[in-house]
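These notes concern the structure reproduced below.
Just the heavy atoms: all of them, side chains too, but no hydrogens, waters or symmetry mates, feed the values below.
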Amino acid sequence: MEVAGDSTNITPSTYNRYQELRDFDESKSGVKGLFDSGLAKIPRIFVRPAEEIARDRSKSGATGLQIPIINLENLATNRPGTVAQVLEAAREVGFFQVLNHGIPQSILEGTFVAARAFHELPKEVKAEYYGREGKRRVKFSCNVNLYKSRHAYWRDTWVCHMEPEPLDPGELPLVCRDAIMEYSKRVKVLATILLELLSEALGLKPDYLVNMDCAKGHALLYHYAPACPEPNLTLATPNHSDPDFFTILLQDDTGGLQVYYRDQWVDVPPVAGALVVNIGDLLQLMSNDIFKSVEHRVLSKDVGPRLSIACFFTLYEDPTSKVYGPIKELVSKDRPALYREITLGEFMTHYYSKGLNGQSALAPFRLPS
């Protein structure tokens, strides 16, 4: 099926947005298919409302904020200093970058190669993995909330649910299988180190968050954003916070990642060899708002493809997972619990139902003040 081309000149009386969304979805080609067609303008389903674009211009000024960069090489000689850095970053910004994290550069480069290898497979091969519904462990799609969002965004995603039940490597394409399994193993080791630091930053024993199963499950999301012919009209990823404990992100040198800080969008510039870490909604809830899960987004670019690999640490709707609420040791008469206890299934159901709309997923679970 051919994907509809430029629709920005269609008059409102003849424009059928749902049909264009459906045609795009049923093509199973994603944004890369549009890019490969050589289009000069983006289809209308990707165009952001004019008022949204105008509002963004007023929130894109200089803040003086530098996203913290934490060198984990100092752990052996100055662990308290590193813990203090993690606390300040998680409490103030919700984002930081880590260097000397233990994952070799060759593994990082191999992860980028794997991401590109999958997304540049022939359309017919990728289509076998395409889908946005169901419980498949490995799937490819464009826009998880395609039919709910006000506009589509310029990015394809390949998702691999690695744990808590170990993924059978046979479910992965041979062209990228080994690289994915290796990166998954390495990033889980790093996650344990980071959770120990985050636990200590909260004044808890180092193994506290690990014992709360915060590293028990993870999924790898391989994002691919081709060059966009009209990058000022759309986004690669809309405003959102992450529905997990925390995220470890590997991004290439294209740039475009921004966090929302003090009513302004702030760049998270690529740093060679670094990984980006951000606090998720669940860890904000568990820390009773000591840590911050902040909105972030990715701008579209006229160069590409932009490659990024996000590792979400969460159990999703695992029925065997614990009930999560503010950690008891962090609650007192002077600092009462700000949230009620929730199951992950309850939280994820709400998160998916609301879509990536820029609204906090934690709001319905906050206790009355």
Side-chain angles (χ1 to χ4, degrees), residues 1-3 24-37 103-146 152-191 217-227 236-237 244 247-254 275 298 304-318:
M1 176 185 295
E2 291 293 323
V3 178
F24 172 68
D25 195 22
E26 291 182 352
S27 76
K28 300 184 179 182
S29 299
V31 170
K32 187 178 185 299
L34 296 175
F35 173 79
D36 289 343
S37 72
I103 303 180
Q105 185 63 29
S106 60
I107 300 298
L108 301 183
E109 291 172 356
T111 305
F112 283 129
V113 170
R116 192 160 193 157
F118 175 82
H119 283 289
E120 297 183 356
L121 284 169
K123 170 189 169 181
E124 296 75 18
V125 177
K126 286 197 302 181
E128 296 176 10
Y129 295 91
Y130 191 88
R132 61 185 67 258
E133 306 294 342
K135 299 292 185 181
R136 292 183 61 178
R137 300 283 302 275
V138 178
K139 57 186 175 183
F140 157 64
S141 68
C142 178
N143 293 233
V144 65
N145 59 336
L146 181 66
Y153 40 98
W154 196 258
R155 184 200 71 192
D156 294 334
T157 300
W158 183 41
V159 182
C160 305
H161 291 272
M162 308 303 296
E163 294 182 341
E165 292 298 323
L167 178 69
D168 178 358
E171 294 189 44
L172 300 168
L174 185 60
V175 69
C176 47
R177 181 179 302 163
D178 291 346
I180 290 170
M181 299 303 296
E182 182 64 25
Y183 182 69
S184 175
K185 179 178 68 176
R186 300 276 189 151
V187 80
K188 185 173 182 180
V189 172
L190 174 59
H218 69 276
L220 294 171
L221 283 69
Y222 291 77
H223 301 311
Y224 183 100
T237 306
D244 60 358
T247 304
I248 299 175
L249 176 77
L250 172 61
Q251 62 170 339
D252 68 11
D253 58 3
T254 305
L275 291 165
V298 180
R306 179 187 186 273
L307 297 170
S308 65
I309 297 90
C311 186
F312 278 34
F313 283 90
T314 180
L315 296 167
Y316 290 94
E317 300 99 334
D318 182 3

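- We find the OG-OH distance between S27 and Y130 to be 6.5 Å, quoted to the nearest 0.5 Å.
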task: Please report the C-alpha distance between D252 and R306 in whole Å, then the side-chain angles of each, then the deciding distance to 0.1 Å, and finally whether the side chain to side chain contact (heavy atoms under 4.5 Å, CB included) criterion is met.
output: CA-CA 7 Å; D252 68 11; R306 179 187 186 273; 3.7 Å; yes
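- Looking only at side-chain heavy atoms (C-beta outward), L172 and C160 come within less than 4.5 Å of each other.
- Side-chain contact between E163 and S184: absent, with no pair of heavy atoms (C-beta onward) separated by less than 4.5 Å.
- Between W158 and Y222, the ring-plane angle classifies as tilted under the 30° and 60° cut-offs.
- In plain terms, the two heavy atoms of W154 and A227 that are nearest each other are NE1-O, 3.5 Å.
- For the atom pair CG (L121) and NZ (K32), the distance works out to 9.5 Å, reported to the nearest 0.5 Å.
- In Q105, the CD atom is crowded: over 12 heavy atoms of neighbouring residues, nucleotides or ligands sit closer than 6.0 Å.
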message: Walk me through whether F24 and L34 qualify under side chain to side chain contact (heavy atoms under 4.5 Å, CB included).
response: CA-CA 9 Å; F24 172 68; L34 296 175; 3.7 Å; yes
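- Shown here for A236 and A225, the closest heavy-atom pair between the two residues is CB-CB, 4.3 Å.
- Between the CD atom in Q251 and the CG atom in L108 there is a gap of 12.0 Å [rounded to 0.5 Å].
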- prompt: Please walk me through it: do E165 and R137 pass salt bridge (Lys or Arg N to Asp or Glu O under 4.0 Å)?
  reply: CA-CA 10 Å; E165 292 298 323; R137 300 283 302 275; over 6 Å; no
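- R136 is not listed as a side-chain neighbour of H161, based on a closest heavy-atom distance of 4.5 Å or more.
- Expressed to the nearest 0.5 Å, how far OG1 of T111 lies from CG of L220 amounts to 8.5 Å.
- If you run side chain to side chain contact (heavy atoms under 4.5 Å, CB included) between Y153 and each of V298, V144, L146, only V144 comes through.
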query: Checking side chain to side chain contact (heavy atoms under 4.5 Å, CB included) for the pair H223/H119: CA distance, chi angles, key distance, verdict?
result: CA-CA 9 Å; H223 301 311; H119 283 289; over 6 Å; no
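- A pairwise comparison of heavy atoms in A179 and G110 identifies CB-O, 3.7 Å as the closest pair.
- Taken from CG in D253 to CZ in F112, the straight-line distance is 8.0 Å, to the nearest 0.5 Å.
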Verdict with supporting geometry, T157 and F140, side chain to side chain contact (heavy atoms under 4.5 Å, CB included): CA-CA 6 Å; T157 300; F140 157 64; over 6 Å; no
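- Here the straight-line distance linking atom CD of E128 with atom NZ of K28 works out to 9.5 Å at 0.5 Å rounding.
- Nearest heavy atom pair, residue V175 against residue A117, reads CG2-CB, 3.9 Å.
- Closest heavy-atom contact between V138 and Y129: CG1-CD2, 3.9 Å.
- By the 4.5 Å heavy-atom criterion applied to side chains, E182 and K185 are counted as neighbours.
- Residue T237 comes nearest to R155 through the heavy atom pair OG1-NH1, 2.6 Å, listed as atom of the first residue, atom of the second, then distance.
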